[in-house]
Amino acid sequence: MSHFKAPAIASSEITPESVWLARRRWMQQLGLGAVALGAGGLSLPAMAAPAASGLFAGKPNPDYQVMEHPTAEKDISTYNNFYEFGTDKSDPATYAGAMKTSPWTVAVEGEVAKPRTFDIDDLRRLAPMEERVYRLRCVEAWSMVIPWEGYSLSTLLKQVEPTSRAKYIEFVTAVQPDNMPGLGDRIIDWPYVEGLRIDEAMNPLTMLVFGVYGKVLPNQNGAPMRVAIPWKYGFKSGKSIVKIRLTEKQPMTSWAKIAPTEYAFYANVNPNVPHPRWSQATERRIGSGFFAPRVDTLMYNGYGEQVAAMYQGMDLKKYF
Ligand SMILES: Nc1nc2c(c(=O)[nH]1)N[C@H]1C(S)=C(S)[C@@H](COP(=O)(O)O)O[C@H]1N2
Ligand SMILES: [Mo]
């Protein structure tokens with residue numbers, strides 16, 4: 001498939017160990033144990049696609065792996081931002097179980113030749129699940145390393161054929177008043193809306209996520225489908241998406257609406273542009289212990305090679 005091809009990632013960015021760990025886990029899920037593990041080399045042996053029950057056992061894609069070990073599954077699913085369920089980090093794990101994730105449809109509309117409402121099951125089968133180990137850097141200066149299961153958003157967008165007027169894309173999160181206790185807080189003008197420029201949306205790194213750690217996505221992480229845009233601050237990656245709209249004009253996004261001087265549209269991870277109230281130069285890795293040293297935040301969260309060209313010539317202090 002064409003979207004497997006794309007980014008030229010320096011081999012220095014690919015850690016054989018992390019690829020191997022992800023690959024081993026995938027093999028174990030398929031019941032192959034150590035049998036099929038050859039020495040060295042990143043190529044996977046040819047084998048049958050995961051059975052339906054193993055839908056979320058995505059095949060590790062060696063083009064999308066970061067150096068660090070993944071954050072523990074428990075931390076990924078209990079330390080969350082999902083304001084629809086409250087503003088404490090523990091609220092989503094406590095309350096998101098009540099969110100109804102089935103039946104679920106995603107409407108893809110706006111500047112497209114073939115608008116269509118997809119059933120979530122069809123989206124899960126639109127392309128083979130891949131496991132991609134991505135960094136997630138929150139604007140609050142903490143971070144995680146997460147093995148997501150999904151595929152490039154571009155795969156879905158190609159199905160609906162964006163028109164030449166499609167310059168931006170908008171992601172709209174579900175609103176379930178009976179099941180989302182955080183909606184009572186009018187911090188955000190619900191629904192939660194995020195957006196990207198169309199070239200950012202088509203970048204192969206931009207991922208539709210359906211699972212994590214080889215399992216269906218927990219509700220608190222944005223089930224049944226969320227996006228992951230790993231070179232941007234976490235708030236750009238909308239959760240529990242029900243609508244995707246392609247537009248000619250830049251969409252008004254939730255955080256830019258609340259505090260435009262703090263959270264602008266681009267929100268590319270940039271250690272050189274501080275948040276008005278704190279530095280963005282370092283980050284705290286969740287799960288690494290209270291006394292663990294903070295780590296330096298990388299330009300574009302370490303994904304510069306794949307994304308910097310999209311921002312050439314732009315004043316990153318102005319378009320932060
Ligand atoms: N709908 C919705 N999406 C959201 C948020 C939210 O409050 N509501 N929080 C964002 C923020 S600030 C971050 S850091 C990530 C956190 O994703 P995680 O909880 O899966 O780690 O989700 C983003 N997506
Ligand atoms: Mo965040």
Side-chain angles (χ1 to χ4, degrees), residues 56 70-102 104 106 120 134-150 171-195 207-213 215-230 232-243 253-259 262-263 267 269 275 277-278 280 283-290 292 294 301:
F56 300 96
T71 302
E73 199 175 347
K74 185 158 188 300
D75 290 325
I76 292 170
S77 60
T78 57
Y79 190 92
N80 302 100
N81 272 336
F82 200 164
Y83 279 18
E84 284 83 340
F85 298 99
T87 53
D88 281 0
K89 298 288 177 262
S90 60
D91 285 338
T94 306
Y95 300 112
M99 179 167 59
K100 205 165 175 272
T101 58
S102 172
W104 192 280
V106 181
I120 190 68
Y134 275 0
R135 291 193 188 89
L136 184 153
R137 182 16 170 113
C138 181
V139 73
E140 294 160 350
W142 51 264
S143 63
M144 297 192 192
V145 175
I146 309 185
W148 296 123
E149 318 293 332
F171 305 98
V172 183
T173 294
V175 175
Q176 295 184 7
D178 293 342
N179 308 329
M180 294 175 160
L183 296 180
D185 261 332
R186 304 301 305 177
I187 320 160
I188 288 169
D189 182 12
W190 314 105
Y192 191 98
V193 174
E194 259 310 331
M207 185 182 186
L208 280 181
V209 175
F210 302 85
V212 66
Y213 265 113
K215 298 171 196 158
V216 66
L217 207 55
N219 286 2
Q220 57 268 34
N221 293 98
M225 188 190 84
R226 56 92 58 80
V227 285
I229 308 145
K232 292 179 180 279
Y233 291 116
F235 71 87
K236 295 299 290 180
S237 296
K239 292 177 168 180
S240 304
I241 291 164
V242 290
K243 196 194 291 182
T253 51
S254 290
W255 282 104
K257 202 161 160 181
I258 299 165
E262 303 194 10
Y263 312 104
V269 174
H275 181 279
R277 292 183 281 131
W278 59 81
Q280 291 292 21
E283 64 200 58
R284 183 172 58 88
R285 183 58 52 79
I286 299 301
S288 58
F290 188 78
R294 295 174 72 90
N301 209 18

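- Shortest non-hydrogen contact noted between Arg135 and Asn301 is NH1-O, 2.9 Å.
- Pairing each heavy atom of Pro70 with each of Pro147, the nearest pair is CB-CD, 3.9 Å.
- Across Ala223 and Asn219, no two heavy atoms sit closer than the pair CB-OD1, 3.4 Å.
- Note that CG of Asp178 and NZ of Lys100 are 11.0 Å apart. Values are rounded to the nearest 0.5 Å.
- For the atom pair Met225 CE and Phe171 CZ, the distance stands at 8.0 Å (nearest 0.5 Å).
- Taking the side chain as every heavy atom from C-beta outward, Phe56 and Leu217 never approach each other to under 4.5 Å.
- Shown here for Ala267 and Phe235, the closest heavy-atom pair between the two residues is CB-CZ, 3.4 Å.
- Between the side chain of Thr71 and the backbone N or O of Ile146, no donor-acceptor pair lies under 3.5 Å.
- Between Tyr83 and Trp190, the ring centre distance reaches or exceeds 6.0 Å.
- A side-chain donor-acceptor contact under 3.5 Å links Arg285 and Ser143.
- Pairing each heavy atom of Asp75 with each of Ile286, the nearest pair is CB-CG2, 4.0 Å.
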Show your reasoning for whether side chain to side chain contact (heavy atoms under 4.5 Å, CB included) applies to Val227 and Leu208. CA-CA 5 Å; Val227 285; Leu208 280 181; 3.8 Å; yes
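- The distance from the CH2 atom of Trp255 to the CD1 atom of Ile188 is 5.0 Å, given to the nearest 0.5 Å.
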Might you work through the side chain to side chain contact (heavy atoms under 4.5 Å, CB included) test for Met180 and Phe85, ending with a clear yes or no? CA-CA 5 Å; Met180 294 175 160; Phe85 298 99; 3.7 Å; yes
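- Between Lys239 and Glu84 there is no salt bridge, since no side-chain nitrogen of the basic residue lies less than 4.0 Å from a carboxylate oxygen of the acidic one.
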What verdict does the side chain to side chain contact (heavy atoms under 4.5 Å, CB included) test give for Asn81 and Glu140, after you've listed the backbone C-alpha separation in whole Å, the side-chain angles of each residue and the deciding distance to 0.1 Å? CA-CA 10 Å; Asn81 272 336; Glu140 294 160 350; 3.3 Å; yes
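- A donor-acceptor pair under 3.5 Å links the side-chain atoms of Ser237 to the main chain of Ile229, judged by distance alone.
- In this structure, CZ on Phe82 lies 15.0 Å from OH on Tyr95, to the nearest 0.5 angstrom.
- Going from atom OH of Tyr233 over to atom NE2 of His275 covers 9.0 Å, rounded to the nearest 0.5 Å.
- Phe210 contributes atom CZ, which lies 5.0 Å from atom CD1 of Ile120 (distance to the nearest 0.5 angstrom).
- Across every non-hydrogen atom of Trp104 and Ala174, the tightest pair is CH2-CB, 3.5 Å.
- Side-chain atoms of Asp91 come within 3.5 Å of backbone N or O of Asp88 as a donor-acceptor pair.
- Between Asn80 and Lys89, the side chains place no donor N or O within less than 3.5 Å of an acceptor N or O (distance only, hydrogens not considered).
- Side chains of Val139 and Gln280 form a contact here, defined as non-hydrogen atoms less than 4.5 Å apart.
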